[in-house]
Number of protein chains: 2
Amino acid sequence: MPRSSNPSAAKGGPVTLTQVARRAGVSAQTVSNAINSPDMLRPETLERVRRAIDEMGYRPSRAAQTLRTRSSRLIGYGIQPALSSSPVLDRFLHALSQAADEAGYRILLFASPSGGPALDGYEELLGQHEVDGFVLSGTERGDPRQAWLTKRGVPFVGFGRMWSGRQIGDWVDVDGASGTDAAVEHLVARGHRKIAFLGWERGVSGAGDDRAEGWQRAMRRHGLSTRGRRGQSVNDTDAARMAVKPLLDAGATAVIAASDMLALGCYQMLRERGALPGRDVSVVGFDDSPAAELLSPTLTSLAQPLEEVGRECVRLLLDRIASPDAPPERLLLEPSLVVRDSTAAAPHGAAR
Amino acid sequence: MPRSSNPSAAKGGPVTLTQVARRAGVSAQTVSNAINSPDMLRPETLERVRRAIDEMGYRPSRAAQTLRTRSSRLIGYGIQPALSSSPVLDRFLHALSQAADEAGYRILLFASPSGGPALDGYEELLGQHEVDGFVLSGTERGDPRQAWLTKRGVPFVGFGRMWSGRQIGDWVDVDGASGTDAAVEHLVARGHRKIAFLGWERGVSGAGDDRAEGWQRAMRRHGLSTRGRRGQSVNDTDAARMAVKPLLDAGATAVIAASDMLALGCYQMLRERGALPGRDVSVVGFDDSPAAELLSPTLTSLAQPLEEVGRECVRLLLDRIASPDAPPERLLLEPSLVVRDSTAAAPHGAAR
DNA sequence: TCTCAGCATTCGAACGTTCCAAAGACATTA
DNA sequence: TAATGTCTTTGGAACGTTCGAATGCTGAGA
């Protein structure tokens, strides 16, 4: 017999444990056991209970479970207004939500006001015992949240490491340096030697410095000079356009940008000079934003493994909830280079 | 005495209603009343109870409230992978979350699989009585969710109207036609006559057809011809680049695009022809995505009032929860034209 | 036959809140 | 004084689940 489509709406309120128990001819506790520790039951009884559950379309009430077990199976996430306008956050949120679902948890959103993360929202969710833990993102320099949560013994995981001071708590992050390093490898393999880096100003963004660092170390490893090959700009196509100019003037045959937005600025300057990205100068972006695929020529970019980040955030958080005193766990994941049309072999004669 | 910073962590479990009652020298019920219907208490008693609540840092347990009142004060939102890659959704989510917070509700996320909205997630949340209602977005032609939810009597509000068949349930939407109409007005006031529209293919997107419609009616109102002024493209800068070419060849001095992405394609084609957006040809985008401000020249674009949409979604949903049988309410909000550098007076001599 | 495990199941209580009905306090009126 | 009414407060039960301890059942060993 197929499960009836919506028994609970048919009459009265929702189906309860006790009703299922009556139907299966067992006690309520046994039905509970059938769900939570099935191997405690005699196979025959289990089968009978399961049939009753199925026929009646029973679903345990989350509220009652939460009340009794003191665990809501909810993860709090403070959503910030997209000040950084990172194309990453909403994809991350989907990945996070999916990973949580698979673990039997859900994401509970609350609005974090703009202008620095306030702690009020966290306090309120905790006070009402609504969540079992938090996932933080958009962590800034001197972010107070980690210390605050640690002090109260609240489980949390950050997406993003601490960029200043000592590390606190668990986190998952993407290894930006390793990404730009791989981009250099990719370009070197295609004959490029004069590889420039276009990033943000030094010191304002930990992630930005990290990405520059990877480029630098890979260049050094190949014995290539980085002098005069590093440009700085704010995250704005026009500023990027200007910042990339001296790099091109110095003969760079490839540019690695710290974001797709910056890469777009490179595109504009190249167009102005009558040069074609890919054919004349190779360009690599960072984040693999939706635009990367839509630009023409399509943009080679470093994709953050957001699904994996989401999965690992959930895993680390659940581990932390299970054992609050275990040593902190930190995970650095590799971005992957998505090669598209904006990178190709170095123009002949420019190789050295 | 200031409220102690974290009483519940100090010792034992969280503070309960009964503990507060004991301290204030009243019954538990009275404390409950102090919170839910304060004017039932004698002012003197109320004051005493309030002090106790404050001193002990009491917060009601959401789980117990939910169990007793059968209302979780949670709103479900099925988050979809950003297939449309609309820059709108994460800003909407923040607005929604904020509006919900202000009404004492919260947003509960669940992952909706890609490739069409499946109903499983909705079923599961309902079965466990986790949410009081849903907010839908990314509604497509023939979306089954509205009918399904209506059949089970579940409150919901859509962000986006039904584009095919008859309207079902409450919704809030942005009046795209009114937006493009306003864009035409803006351009006409600056002397433009040959105003083209670059949209998506007819019939694939209700919102797209709507935006075209507004352009068309405004043109007609001003006695301007639309023949040969409408271009079609998929949402891709390269396709847009090609699609806008014949429009420019036909002498258009302004282009209204159905999305910022399409507008970016216009920029590219203009650059190729040595023309400058704003000075030579005016361009208007749609959605006011973060990129609009970062392009150079900055892009005039139609901004959706997302904060208002979020607020109204919550309001309509709560109304629906309060009175399930009230007639449906539908709201069409106006986008606002954000004027930047890509629109200016028509070049002299091209005015007619 | 009796005792002792081991297993499967059940019983009673508890989680923290709100609903409902009833009790108490107090002033007003007959 | 007793009856009536209004305003404030209280007691007991219930929401649906899981915890901990206790029960009944079965067969092995003495």
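Letters A, B, ... are given to chains in the order of the sequence lines, protein chains preceding strands, and every chain is numbered from 1.
With axes fitted over five pairs at each extremity, the angle between the ends of the helix from C:dT1-D:dA30 to C:dA30-D:dT1 is 80° (10° resolution).
In this structure, A:Tyr105 has no ring-ring contact (aromatic ring centres under 6.0 Å, His included) partners at least two apart in sequence or on a different chain. Residues satisfying the side-chain hydrogen bond (donor to acceptor under 3.5 Å, both in side chains) criterion with B:Ser137, sequence neighbours excluded, are B:Tyr77. Every residue meeting the ring-ring contact (aromatic ring centres under 6.0 Å, His included) condition with B:Phe159, not counting sequence neighbours, appears here in chain and number order: B:Phe92. Annotation: side-chain hydrogen bond (donor to acceptor under 3.5 Å, both in side chains) contacts of A:Gln146 (sequence neighbours excluded): none. In this structure B:Arg50 satisfies the salt bridge (Lys or Arg N to Asp or Glu O under 4.0 Å) test with no other residue, sequence neighbours excluded. Applying the side-chain hydrogen bond (donor to acceptor under 3.5 Å, both in side chains) test to B:Ser72 and every residue at least two apart in sequence or in another chain returns B:Asp132. Applying the side-chain hydrogen bond (donor to acceptor under 3.5 Å, both in side chains) criterion to A:Ser27, with sequence neighbours excluded, gives A:Thr30.
Residues of residues 29-44 of chain B having a heavy atom closer than 4.0 Å to DNA chain C, listed by number: B:Gln29, B:Ser32, B:Asn36.
Using a 4.0 Å heavy-atom distance criterion, A:Thr45 is classed as a sugar-phosphate-only contact.
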Show me the donor-acceptor pairs within less than 3.5 Å that the side chains of residues 304-314 of chain B make with the rest of the protein, sequence neighbours left out.
residue  : atom : partner  : partner atom : Å
B:Gln304 : NE2  : B:Asp287 : OD1          : 2.9
B:Glu312 : OE1  : B:Arg315 : NE           : 2.8
B:Glu312 : OE1  : B:Arg315 : NH2          : 2.9

Side-chain polar contacts of residues 61-69 of chain B - donor-acceptor pairs under 3.5 angstrom, sequence neighbours left out - could you list them?
residue : atom : partner  : partner atom : Å
B:Ser61 : OG   : B:Ala63  : N            : 3.4
B:Ser61 : OG   : B:Ala64  : N            : 3.2
B:Arg62 : NH1  : A:Glu130 : OE1          : 3.4
B:Arg62 : NH1  : A:Glu130 : OE2          : 3.4
B:Arg62 : NH2  : B:Gly104 : O            : 3.3
B:Thr66 : OG1  : B:Arg62  : O            : 2.8
B:Thr69 : OG1  : B:Gln65  : O            : 2.7
B:Thr69 : OG1  : B:Ser71  : N            : 3.4

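When the P atom of D:dG16 is taken as reference, atom CD of A:Gln65 falls 13 Å away, rounded to whole Å. Note: CZ (A:Arg73) to C1' (D:dT17) measures 14 Å, nearest angstrom. Atom CD in A:Glu130 sits about 16 Å away from atom P in C:dG16, given to the nearest Å. For A:Leu46 and C:dC7, the CG to P distance is 17 Å, given to the nearest whole Å.
For A:Thr69, the side-chain atoms get nearest to D:dT18 when compared with the rest of C:dG16, D:dG16, D:dT18.
Along DNA chain D, the nucleotide nearest A:Thr18 and the nucleotide nearest B:Gly25 are compared for position; the residue whose nucleotide lies closer to the 5' end is B:Gly25.
Ion pair A:Glu123/A:Arg152 flagged as a salt bridge, since at least one NZ, NE, NH1 or NH2 atom sits closer than 4.0 Å to an Asp/Glu carboxylate oxygen. Between A:Asp170 and A:Arg330 there is no salt bridge, since no side-chain nitrogen of the basic residue lies less than 4.0 Å from a carboxylate oxygen of the acidic one.
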For nucleotides 13-15 of chain C, which of its nitrogen or oxygen atoms have a protein nitrogen or oxygen under 3.5 Å away, and what is each distance?
residue : atom : partner : partner atom : Å
C:dA14  : N3   : A:Arg68 : NH1          : 3.0
C:dC15  : O3'  : A:Arg70 : NH2          : 3.2

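At the phosphate of D:dG16, neither OP1 nor OP2 sits under 4.0 Å from any side-chain N or O atom of A:Ser61.
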